[in-house]
Visitor: 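The structure under discussion is supplied below as structure tokens; questions concerning it will follow.
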Amino acid sequence: MKRFEGRNVIVTGAGQGIGRAIAGRFAEEGADVMLVGRRREPLEQAARELGSAWAFPADVSVAAEIDRTVAAATERWGRIDVLVNNAGIGEEVPFLEIDEESWDRVLGINLRGAFLTAQRVAREQVKTGGGSIVHIASIDASGADGSYASYNASKAGLLGLNRTMAMELAPHGIRVNCVSPGFTHTAMTEEAVPPELMDYLVNRFDRVPMRRLVKPQEIAAAVAFLASDDASAITGIDLTVDCGLTANWYILETIPEATG
């Protein structure tokens, strides 16, 4: 498919993991992709590998850098058809120990950064007749996963931002949606998990109905669908891609068997 032939796409956090997979999917479907992230080297490597992509280092939590990013995209393209707000970080800190700097750092990238980027891009899309914006949220927006209060709060806030943007921007021809990944197989996952446990997560993950982790390419496919004309009547939704994890709480399955 070449659904994005001749279209221009910005992907933030595009240097690795889910963001890199998303950028790759759009490039495969014919788009010219602007790769945005804080580190130049992985962005430039991705740009070389993808061909129809170009690197633009920027910190999405800084308004001036987002203004510079959108100005560069507009100067090069004239119009921005799609924005994917993927940039995000997480810091595992117990709630009682989170300091303000850590809280602000996570919210600054995950929520403030998404707001700043979406607002600046949407202003340009209003001028050129519309477009599509896709935020990458998380299943952690609706269920806690460890000591990640700041991350969970930022993703829950993103869902609220998504709904309001969809309502306000629809008259301008701009569709806004979220994709919420479940546990996903990325390089960061492999770094954090012992090899023997990684085999379990990939091949027989009992907690998940499909018994495996989500693949980054599967997140990318969902994003591309929502950004494409195939989803022309869809706005304001949160599309969960989690191999069925949130479809079942597994309460009965985890009750210990009676003994004695």
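Side chains included, hydrogens not; waters and symmetry mates left out as well; all remaining heavy atoms used.
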Visitor: Could you go through the salt bridge (charged side-chain N to carboxylate O under 4.0 Å, His left out) check for Asp206 and Arg204 one step at a time?
Guide: CA-CA 6 Å; Asp206 290 339; Arg204 52 186 187 284; over 6 Å; no

Visitor: Specify the closest pair of heavy atoms between Ser138 and Ser180, including all atoms of both residues, with the distance to one decimal.
Guide: N-OG, 3.3 Å

Visitor: Please tell me whether Ser102 and Glu91 have a donor and an acceptor in their side chains that are separated by less than 3.5 angstrom.
Guide: yes

Visitor: Do the charged groups of Arg25 and Glu29 touch, with an N to O distance under 4.0 Å?
Guide: yes

Visitor: Might you point out which heavy atoms bring Cys178 and Leu158 nearest each other, and give the distance in Å?
Guide: SG-O, 4.1 Å

Visitor: Go through the steps to decide whether Asp140 and Tyr148 satisfy the test side-chain contact (heavy atoms from CB on, under 4.5 Å), and finish with yes or no.
Guide: CA-CA 9 Å; Asp140 288 344; Tyr148 288 95; 5.8 Å; no

Visitor: Hey, mind stepping through Asp229 and Arg3 against salt bridge (charged side-chain N to carboxylate O under 4.0 Å, His left out) and telling me if it holds?
Guide: CA-CA 8 Å; Asp229 292 341; Arg3 293 177 295 186; over 6 Å; no

Visitor: Going through the checks in order, is the salt bridge (charged side-chain N to carboxylate O under 4.0 Å, His left out) test met by Asp238 and Arg163?
Guide: CA-CA 9 Å; Asp238 175 33; Arg163 290 188 292 267; over 6 Å; no

Visitor: What closest approach, in Å, do Gly88 and Asn110 show between heavy atoms, and which atom pair accounts for it?
Guide: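 The pair with the smallest heavy-atom distance is CA-OD1, 3.0 Å.
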
Visitor: Quick check: does any side chain N or O of Ser228 sit under 3.5 Å from a backbone N or O of Phe225, one acting as donor and the other as acceptor?
Guide: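 A pair under 3.5 Å: yes.
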
Visitor: Please check: side-chain N/O of Arg123 versus main-chain N/O of Ala118, any donor-acceptor pairing under 3.5 Å?
Guide: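 Between the backbone of Ala118 and the side chain of Arg123 there is no qualifying donor-acceptor contact (under 3.5 Å).
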
Visitor: Is there a side-chain contact (heavy atoms from CB on, under 4.5 Å) between Met198 and Thr189? Walk through the geometry before answering.
Guide: CA-CA 8 Å; Met198 200 68 228; Thr189 309; 3.8 Å; yes

Visitor: Please report the C-alpha distance between Ser61 and Asp59 in whole Å, then the side-chain angles of each, then the deciding distance to 0.1 Å, and finally whether the side chain to side chain donor-acceptor pair (under 3.5 Å) criterion is met.
Guide: CA-CA 5 Å; Ser61 67; Asp59 185 339; 2.7 Å; yes

Visitor: Evaluate the criterion side-chain contact (heavy atoms from CB on, under 4.5 Å) for residue pair Leu107 and Ser150; output intermediate values, then yes/no.
Guide: CA-CA 7 Å; Leu107 272 291; Ser150 56; 4.0 Å; yes

Visitor: Does Asn152 use its side chain to pair, donor to acceptor, with the backbone of Ala144 at less than 3.5 Å?
Guide: no

Visitor: When you look at Trp77 and Met34, which way does the side-chain contact (heavy atoms from CB on, under 4.5 Å) test go after all the steps?
Guide: CA-CA 10 Å; Trp77 291 329; Met34 183 185 201; 3.5 Å; yes

Visitor: Does any N or O in the side chain of Thr117 come within less than 3.5 Å of the main-chain N or O of Ala114, such that one atom is a donor and the other an acceptor?
Guide: no

Visitor: Any idea which heavy atoms bring Ala55 and Ala47 closest together, and the distance?
Guide: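 For Ala55 versus Ala47, the nearest heavy atoms are N-CB, 4.1 Å.
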
Visitor: Using salt bridge (charged side-chain N to carboxylate O under 4.0 Å, His left out), reason through Glu218 and Lys215 one step at a time and then give a plain yes or no.
Guide: CA-CA 5 Å; Glu218 293 171 321; Lys215 300 173 185 176; 5.1 Å; no

Visitor: Is there a donor-acceptor pair closer than 3.5 Å between any side-chain N or O of Asn86 and the backbone N or O of Gly13?
Guide: yes

Visitor: Do Ser52 side-chain atoms and Ala31 backbone N/O form a donor-acceptor pair below 3.5 Å?
Guide: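 Checked: pair present.
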
Visitor: Run the numbers on Glu49 and Gln45 for side chain to side chain donor-acceptor pair (under 3.5 Å), then give the verdict.
Guide: CA-CA 6 Å; Glu49 293 171 353; Gln45 180 178 343; 3.2 Å; yes

